[in-house]
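Written below as structure tokens is the structure these notes are about.
Atoms within each ligand, like the ligands themselves, are counted from 1 in listed order. Side chains included, hydrogens not; waters and symmetry mates left out as well; all remaining heavy atoms used.
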Amino acid sequence: MSAQQEIRRLTAPDIRARKEGDPIVCLTSYHAHTARLVDHYCDVILVGDSLGMVMHGLETTVPVTLDMMILQGHAVMRGSKRALVVIDMPFGSYEASREQAFASCARVMKETGCGAIKLEGGRRMEDTIRFLVERGVPVMGHVGLTPQSINTIGSFRAQGRDEADWGPIEDDARAVSDAGAFSVVIEAVAEPLARRITGAIPIPTIGIGASPACDGQVLVLEDMLGLSPRVPRFVKRFGELGPGIEAAIKSYADEVRSRAFPGPDHVYGMRKPK
Ligand code: KIV
């Protein structure tokens, strides 16, 4: 058996079993090279539909297509070996019916080889999640702020900051859990509510702008690396890569203009005649 074959990828049941265990570490990635780095340290790699905003400069995730998710999902699978790769279902690919959802998820799983999918919505998606799970699709839910609903909710605002609003959000998380999802992302929700949901449902909660009490945490890689121009308040910048990248690009441009690059080490000489 080769060394490569010995590395076993984490599965949705492995993550499901981490409820109240060691925190689940999750980051997004959309490319093979970042996936390779993330894979060394994370349990879950999320190919988020945030790629529409991060890679393509879109204002929202709404225009993202299934083909975009499959292309980048495939790249992340090629770049990683150990983490569970979860691919986001984009807006319009799963909401119309359970059958539409299954057809889209089956395409994503067959064409990328990913281990699970994520979809947004709580009670309204309960039947669909159950239908998918019964047919072999591991589902990560996503409740609280659901960015694909931006055109009906109006803005990317934190949810549940008044206790009077807690009920529907808690019901959403419970519905996702009852339907058989293996975990659920809780996004931009008041901290005490995220803590309460984590204590109330039997599946791991993955927080983003939620609570340290969640069973795991997720961030968008480019946000935490300091590459995104605007980030939500809940993002901690663990790096400031922007200035370093800009400095490298400036040096490259200067050296091309001054003909300092390419130097002797970066060109091919002729072979010596035999
Ligand atoms: O699309 C994404 O990156 C996400 C995370 C922010 C959870 O859904």
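For Asp165, the salt bridge (Lys or Arg N to Asp or Glu O under 4.0 Å) test picks out no residue, with sequence neighbours left out. Applying the side-chain contact (heavy atoms from CB on, under 4.5 Å) test to Gln159 and every residue at least two apart in sequence or in another chain returns Leu145, Ile169, Val189. For Asp14, the salt bridge (Lys or Arg N to Asp or Glu O under 4.0 Å) test picks out Arg8, with sequence neighbours left out.
Contact check on Arg237 versus Asp223 returns no salt bridge, with no Lys/Arg side-chain nitrogen under 4.0 Å from an Asp/Glu carboxylate oxygen. A salt bridge is absent between Asp215 and Arg16; no separation between the charged side-chain nitrogens and carboxylate oxygens falls under 4.0 Å.
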Can you give me a line-by-line list of nitrogen or oxygen pairs between ligand 1 and the protein shorter than 3.5 Å?
unit_1	atom_1	unit_2	atom_2	d
ligand 1	1 (O)	Asp49	N	3.2
ligand 1	1 (O)	Asp49	OD1	3.0
ligand 1	1 (O)	Ser50	N	3.0
ligand 1	1 (O)	Ser50	OG	3.3
ligand 1	1 (O)	Asp88	OD2	3.2
ligand 1	3 (O)	Ser50	OG	2.5
ligand 1	8 (O)	Lys118	NZ	2.9

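In this structure, the side chain of Gln148 engages the main chain of Met89 through a donor-acceptor pair within 3.5 Å.
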